[in-house]
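When a residue number appears, it is its place in the shown sequence, counting from 1. Nothing here was measured: the structure is a model prediction, and the numbers come from that model.
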Amino acid sequence: MRKLCPNFDQEDGLDTVLEVPIPEEMFTRMGSNAALRWQNMRMLMKSNNKSASSPAVAGRHSELQLLLNVVGSPLIPLQVQCGQSINRPIKDCSIQASTAKYIVQQYIAATGGQQALNSVNSMYAIGQVKMSASEFHTGDENMKNRGNGEIGGFVLWQKNPDLWYLELVVSGCKLSAGSNGKVAWRQFATQQSHASRGPPRPLRRFLQGLDPRSTANLFSDAICIGEKLINNEDCFILKLEANPLTLKARSSDSFEIIHHTLWGYFSQRTGLLIQFEDSHLLRMNAGKGDDSVFWETSMESLIEDYRYIDGINIAHGGKTIVTLFRYGAGAASHKRKMEETWVIEEVDFNIWGLSMDCFLPPSDLKENSEHALG
């Protein structure tokens, strides 16, 4: 991935460090030679600070924003208590809950052990993504993605599950998102920043194999509901439901989140998390009558390429498929599919100098926004 930009204004000047590294494939698409590519990249990034000048540009920008919102930066529905022990007692609970706790203990061992996981107080990761989306389809029509997909890169910083910061650039469209422990927010260059409803929650991307400690804490409260074969791996299925109070805090007068459910598929052979799914149903409240519109969002992430970094087993790649399903209000149902493939390039732990200032929200943050982060 490209991390430095040449100084074209001053020949002997120092190179500029890019805020977000970009994949080589994204760089080569920018022009026929290196100078032209960097010039086009600078112009593309600067265009983020201006309104779209044509319907075509505006439409493409809106499409990229949708991808970055829905696929690139969703949140999980529950807070993760990082202060709790990740090795909890198995007694005094149902057989389904005690089985889940046993599976989580095997997962802890498979990802490095409790001592190694507890030694981490912060982390950062650099990765690249490729995203694509289908058109909206009616009924049971087949959903095929358009084009070859959009390419980009991201940088993640985390101090605990409630302190995190993400910068994500895809085809020149940039998203910033984060949480300072009190509020989670999202910002595009062309829009005012918005806060999520309810208490701050972890970024879903951390649960895709990057943060084993948060994953273990999250699924310690789950139940085991059975087994399933995933990519020729026999897996235990752990299930977790967001409670009604959490859903109510995320809802508003204009929409209601009816349920949000998570599933983790843990390999019986290795103990590792192989697949992570979540699904939530949202009802848009109608003004009169019973003409509510429902949006159901399902996300399925296949997690792979585990490698040890400083004694902790981290997933370095995977694929997420998102299905949006709209129905209700007497209209025809519509479906849309989005996909993301990601690769982790760098991971490191216990970052020196990562203070609270690194997680400050934007100064223009709009409180109590109805644009929930996921």
Side chains of [X] and [Y]: donor-acceptor distance under 3.5 Å anywhere?
X      : Y      : answer
Arg186 : Ser193 : no
Gln275 : Glu277 : yes
Ser301 : Arg204 : yes

Look at the side-chain heavy atoms of Ile, Leu, Val, Met, Phe, Trp and Tyr, link any pair under 4.5 Å apart, and say whether [X] and [Y] land in one connected group.
X      : Y      : value
Val343 : Val155 : no
Ile257 : Leu324 : yes
Trp185 : Met356 : yes
Phe359 : Ile351 : yes
Ile76  : Trp342 : yes

Are [X] and [Y] close enough that some pair of their side-chain heavy atoms sits under 4.5 Å apart?
X      : Y      : result
Leu166 : Ser73  : yes
Tyr165 : Ser179 : no
Ile225 : Gln96  : no
Leu210 : Ile314 : yes
Gln128 : Glu345 : yes
Ile312 : Val120 : yes
Met131 : Leu168 : yes
Val129 : Val170 : yes

On a heavy-atom basis, which atom in [X] and which in [Y] lie closest, and how many Å separate them?
X      : Y      : result
Arg201 : Leu75  : NH1-CB, 3.6 Å
Phe255 : Arg250 : CE1-O, 3.3 Å
Leu273 : Tyr306 : O-OH, 2.6 Å
Ile95  : Ser98  : O-OG, 3.0 Å
Gln79  : Pro202 : CA-CD, 4.3 Å
Ile309 : Val347 : CG2-O, 3.7 Å

Pairs of donor and acceptor atoms involving the side chains of residues 235-246, under 3.5 Å and at least two apart or interchain, shall be tabulated with distances.
unit_1, atom_1, unit_2, atom_2, d
Glu241, OE1, Thr261, OG1, 2.8
Glu241, OE2, Thr261, OG1, 3.2
Asn243, OD1, Leu245, N, 3.1
Asn243, OD1, Thr246, N, 2.8
Asn243, OD1, Thr246, OG1, 3.0
Asn243, ND2, Thr246, OG1, 3.4

I'd like to know whether Leu218 forms a side chain to side chain contact (heavy atoms under 4.5 Å, CB included) with Leu262, so could you lay out the CA-CA distance, the side-chain angles of the two residues, the decisive distance to 0.1 Å, and finally the verdict. CA-CA 10 Å; Leu218 179 69; Leu262 295 88; 4.0 Å; yes
Straight-line distance of [X] [atom1] to [Y] [atom2], nearest 0.5 Å:
X      : Y      : atom1 : atom2 : value
Glu256 : Leu281 : CD    : CG    : 9.0 Å
Thr270 : Ile274 : OG1   : CD1   : 5.0 Å
Phe188 : Ser176 : CZ    : OG    : 9.5 Å
His260 : Leu247 : NE2   : CG    : 8.5 Å
Ile103 : Ser220 : CD1   : OG    : 11.0 Å
Leu68  : Glu150 : CG    : CD    : 9.5 Å

Working note: Phe219 + Phe266, criterion ring pair (Phe, Tyr, Trp, His ring centres under 6.0 Å); need CA distance, chi angles, decisive distance, verdict. CA-CA 11 Å; Phe219 281 104; Phe266 294 82; 5.5 Å; yes
Tell me every residue that passes side-chain hydrogen bond (donor to acceptor under 3.5 Å, both in side chains) with Gln268, counting only those two or more places apart in sequence or in another chain. Glu227
Ring pair (Phe, Tyr, Trp, His ring centres under 6.0 Å) for Tyr124 and Trp157? Distances and angles first, verdict last. CA-CA 4 Å; Tyr124 94 100; Trp157 302 89; 5.3 Å; yes
Salt bridge [X]-[Y], side-chain N to carboxylate O under 4.0 Å:
X      : Y      : result
Lys319 : Glu339 : yes
Arg307 : Asp305 : yes
Glu233 : Arg269 : yes
Glu167 : Lys174 : yes

Donor-acceptor pair, side chain of [X] and main chain of [Y], under 3.5 angstrom:
X      : Y      : answer
Asp364 : Gln192 : no
Arg197 : Ser251 : yes
Arg336 : Ser134 : yes

Residue pair Trp164, Phe206: steps toward the side chain to side chain contact (heavy atoms under 4.5 Å, CB included) verdict: CA-CA 10 Å; Trp164 54 268; Phe206 288 114; 3.6 Å; yes
Check the pair Leu229, Asp234 against side chain to side chain contact (heavy atoms under 4.5 Å, CB included), reporting the backbone distance first and the verdict last. CA-CA 5 Å; Leu229 190 67; Asp234 290 316; 3.3 Å; yes
Counting the benzene-type ring for Trp, do Phe294 and Tyr327 have ring centres under 6.0 Å apart? yes
After noting the C-alpha distance and the side-chain angles of Thr320 and Met299, does the key distance pass the side chain to side chain contact (heavy atoms under 4.5 Å, CB included) rule? CA-CA 7 Å; Thr320 295; Met299 304 188 72; 4.0 Å; yes
Aromatic Phe154 / basic Arg205 pairing, under 6.0 angstrom, 45° off normal: yes
